[in-house]
Chemist: 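Here's a structure for you.
Quick note: numbers below take in every heavy atom, side chains included, and nothing from hydrogens, waters or symmetry partners. Just so we're clear, the structure is a prediction, and the values are computed from it rather than from any experiment. A, B, ... follow the sequence lines: proteins, then strands. Residue 1 opens every chain.
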Amino acid sequence: MCGRYNIIPDTETWPREFSLSAGSVSRIDTMKPNYNVCPSADIPIVRYDPGSRQMELSLAHWGLVPSWSKQRSVAYRMINARAESAAEKPAYRESFRWRRCVIPANGFFEWERSTGSGSKQPYLVTLQAGTVFGFAGLWDCWKDPGDDGSLISCTILTTCANSLMQNIHDRMPVILARAHYSKWLDPVSRDSGALLRPYSSKRMRVSAVSPYVNNPRNNNARCIQTLEGQGIHG
DNA sequence: CCAGACGTTGTT
DNA sequence: GTCTGG
DNA sequence: CCAGACGTTGTT
DNA sequence: GTCTGG
């Protein structure tokens, strides 16, 4: 699954990676690195805007609140959606059909199935190339009955683990190849479920990091500092 | 008909 | 155990 | 995801 | 909103 990740906004690489509109490019400057992105954070998402026919970068609350939900608090259980079933689940199917997004990330954290003693061991998972990548995501819009505001929220799709990730966990977030972003974001493409596959083990890297990242209040480069000689290789 | 769920993960 | 906050 | 709270009364 | 269970 994916319950924690990191983002380093970059005006050099993001515009080309995500084919962003000019307005969206200027928005990158306002975003700060987040080494420890937690559920309920406001996170950058990339959506296709049919009006301008361009990719737009905006913010969404991590934890999808379905439009019909009575309570905002359901969000904490909606941080991930199973790619295998999201098209059918009441909470996700309208978003799966009409409201897809790509969620920029530089790496994500997974915790090893608790091995008994001590604190939970976190691992940082990145691309071998070290570059930014995009999760497959869904978003929705929820009107708060208590006030005038509406909330844009999102979730990250998960799939089965590849052989590398299998060492830690049996699920992993869906990482899209750059060439597949536009196909994923186009609601008209009906075979897009085929894109929701585990990313290639060969292009990923898993490194042990300090349990410092476990505490959601910690947010600095130490969160992504890998421990020497404690990687896992496929 | 109305009431209540609608989710994922991991652990047992 | 379960929910909230980060 | 993990960490931390989870309660009331009265006093500062 | 829509579906299931009673």
Side-chain angles (χ1 to χ4, degrees), chain A residues 1-7 31-44 59-99 103 105-126 135-146 150-151 153-162 165-175 196 198 206-220 222-224:
Chain A
M1 72 173 306
C2 182
R4 217 73 87 76
Y5 69 102
N6 69 285
I7 331 170
M31 296 176 177
K32 288 191 291 190
N34 189 336
Y35 302 95
N36 197 358
V37 180
C38 301
S40 81
D42 285 316
I43 61 174
L59 292 178
H61 205 73
W62 185 13
L64 188 146
V65 183
S67 59
W68 42 261
S69 182
K70 294 187 182 77
Q71 306 286 335
R72 179 178 169 147
S73 60
V74 299
Y76 81 99
R77 287 178 280 188
M78 307 281 187
I79 63 170
N80 293 134
R82 293 177 68 90
E84 300 92 328
S85 58
E88 288 83 39
K89 295 286 185 183
Y92 298 130
R93 63 188 160 198
E94 289 302 304
S95 294
F96 191 91
R97 184 76 180 85
W98 301 111
R99 292 181 291 275
I103 303 178
N106 290 78
F108 62 93
F109 300 101
E110 289 286 358
W111 279 262
E112 198 159 30
R113 287 176 274 245
S114 62
T115 50
S117 62
S119 55
K120 297 185 175 183
Q121 176 58 54
Y123 292 88
L124 172 64
V125 186
T126 61
F135 294 127
L138 307 175
W139 63 276
D140 207 342
C141 183
W142 178 74
K143 168 76 178 65
D144 188 337
S150 62
L151 178 79
S153 60
C154 64
T155 190
I156 295 172
L157 294 177
T158 63
T159 185
C160 53
N162 62 26
M165 292 293 305
Q166 196 83 59
N167 294 304
I168 326 172
H169 224 281
D170 58 354
R171 305 285 301 171
M172 66 182 282
V174 174
I175 296 173
L196 306 179
V206 176
S207 313
V209 293
S210 164
Y212 180 76
V213 75
N214 290 15
N215 191 327
R217 294 171 197 273
N218 293 334
N219 186 354
N220 59 63
R222 190 176 159 194
C223 294
I224 59 171

Chemist: Give DNA chain B the dot-bracket treatment, 5' to 3': Watson-Crick (N1-N3 with N6-O4 or O6-N4) or G-U (N1-O2, O6-N3) under 3.5 Å, [ ] crossing, | other strand.
Modeler: ||||||......

Chemist: Distance between the P atoms of C:dT2 and B:dC6, in whole angstroms?
Modeler: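 It comes out at 14 Å once rounded to the nearest Å.
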
Chemist: Whole Å only: how far is the CZ atom of A:Phe135 from the C1' atom of B:dT8?
Modeler: 16 Å

Chemist: Classify A:Ile79 by what it touches in the nucleic acid, base, sugar-phosphate, or nothing, heavy-atom distance under 4.0 Å.
Modeler: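 Counting heavy atoms under 4.0 Å across all strands, the contact made by A:Ile79 includes a base.
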
Chemist: A:Cys2 or A:Lys70: which one's nearest nucleotide on DNA chain B is closer to the 5' end?
Modeler: A:Lys70

Chemist: Less than 6.0 angstrom separating the ring centers of A:Tyr5 and A:Trp62, yes or no?
Modeler: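 Ring centres of A:Trp62 and A:Tyr5 closer than 6.0 Å.
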
Chemist: Could you check how far CG of A:Asn6 sits from P of D:dC1, rounded to whole Å?
Modeler: 18 Å

Chemist: Can you measure A:Asp170 atom CG to B:dT8 atom C1' for me and round it to whole angstrom units?
Modeler: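 Atom CG in A:Asp170 sits about 11 Å away from atom C1' in B:dT8.
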
Chemist: Please give the distance between the C1' atoms of D:dG7 and B:dA3 as a whole number of Å.
Modeler: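 Their C1' atoms lie roughly 32 Å apart.
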
Chemist: Which atom pair, heavy atoms only, marks the closest approach of A:Val74 to A:Pro66?
Modeler: CG2-CD, 4.0 Å

Chemist: With the side chain of A:Arg82 defined as its heavy atoms from C-beta on, choose the nearest nucleotide among D:dG4, D:dC1, B:dT8.
Modeler: B:dT8

Chemist: Once you round it to whole Å, what is the distance between C1' of B:dT9 and CE of A:Met172?
Modeler: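 That distance rounds to 16 Å.
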
Chemist: As a test of reading the structure: which of D:dC2, B:dT8, B:dC6 is closest to the side chain of A:Tyr92, going by heavy atoms?
Modeler: B:dT8

Chemist: Taking atom P in both D:dG4 and B:dA5, what distance in whole Å separates the two?
Modeler: 32 Å

Chemist: Considering only atom C1', compute the distance from C:dG1 to D:dT9 and round it to an integer number of Å.
Modeler: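 Taking atom C1' in both C:dG1 and D:dT9, they lie 27 Å apart.
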
Chemist: Can you tabulate the close N/O pairs, meaning under 3.5 Å, that link protein atoms to atoms of nucleotides 3-6 of chain C?
Modeler:
residue, atom, partner, partner atom, Å
C:dC3, OP2, A:Tyr76, OH, 3.3
C:dG6, N7, A:Ser40, OG, 3.0
C:dG6, O6, A:Pro39, O, 3.0

Chemist: Say you draw a straight line from CG of A:Leu151 to SG of A:Cys141; how long is it, rounded to the nearest 0.5 Å?
Modeler: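 Atom-to-atom, A:Leu151:CG and A:Cys141:SG are 7.5 Å apart.
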
Chemist: Please give me the minimum heavy-atom distance between A:Pro39 and A:Arg4, naming the atom from each residue.
Modeler: CD-CD, 4.5 Å

Chemist: Give the minimum heavy-atom separation between A:Arg171 and A:Glu84, together with the two atoms involved.
Modeler: NH1-OE2, 2.8 Å

Chemist: Tell me every residue that passes side-chain contact (heavy atoms from CB on, under 4.5 Å) with A:Tyr212, counting only those two or more places apart in sequence or in another chain.
Modeler: A:Ser210, A:Asn218, A:Asn220, A:Arg222, A:Cys223

Chemist: Please give, in whole Å, the distance from D:dC1 P to A:His61 NE2?
Modeler: 16 Å

Chemist: Give a yes/no on whether any side-chain N or O of A:Arg171 is located under 4.0 angstrom from OP1 or OP2 of B:dT9.
Modeler: yes

Chemist: Mind calculating the distance between OH (A:Tyr212) and P (D:dA3) to the nearest angstrom?
Modeler: 14 Å

Chemist: Which one, B:dC6, D:dA3, D:dC1, comes nearest to the side chain of A:Asn215?
Modeler: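 For A:Asn215, the side-chain atoms sit closest to D:dA3.
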
Chemist: If I compare all heavy atoms of A:Ser153 with all of A:Gly63, which pair ends up nearest, and what's the gap?
Modeler: CB-O, 3.3 Å

Chemist: Quick one: closest heavy-atom pair of A:Val209 and A:Gln121, and the distance?
Modeler: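 Nearest pair, atom of A:Val209 first, then A:Gln121: O-NE2, 2.9 Å.
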
Chemist: Between atom CG in A:Asn80 and atom P in D:dC2, what is the gap in whole Å?
Modeler: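 My rounded result for the distance is 12 Å.
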
Chemist: By the definition side-chain contact (heavy atoms from CB on, under 4.5 Å), identify the one residue from A:Val125, A:Asn167, A:Leu124 that meets it with A:Val206.
Modeler: A:Val125

Chemist: Taking A:Asn219 for the side chain and A:Tyr35 for the main chain, is one N or O donor matched with an acceptor at less than 3.5 Å?
Modeler: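 Between the backbone of A:Tyr35 and the side chain of A:Asn219 there is a qualifying donor-acceptor contact (under 3.5 Å).
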
Chemist: Which part of the nucleic acid does A:Ser69 contact within heavy-atom distance under 4.0 Å: base, sugar-phosphate only, or nothing?
Modeler: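 Result for A:Ser69 = nothing.
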
Chemist: Check this one for me: any side-chain N or O of A:Lys120 less than 4.0 Å away from OP1 or OP2 of D:dC2?
Modeler: yes

Chemist: Please pick, from D:dC1, E:dG1, B:dT8, the nucleotide with the shortest atom-to-atom distance to any side-chain atom of A:Ser85.
Modeler: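 Output: B:dT8.
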
Chemist: Quick one: label A:Arg93 by what it contacts on the DNA or RNA (base, sugar-phosphate, nothing), any heavy atom closer than 4.0 Å.
Modeler: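 Sugar-phosphate contact only - A:Arg93 comes under 4.0 Å of backbone atoms but never of a base.
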
Chemist: Determine the contact category for A:Asn219: base if any of its heavy atoms lies under 4.0 Å from a base atom, sugar-phosphate if only primed atoms, P, OP1 or OP2 are that close, otherwise nothing.
Modeler: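 A:Asn219: no heavy atom of the nucleic acid under 4.0 Å.
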
Chemist: Any side-chain heavy atom of A:Arg82 within less than 4.5 Å of one from A:Lys89?
Modeler: no

Chemist: Using whole Å, report how far CH2 of A:Trp68 lies from P of B:dG4.
Modeler: 16 Å

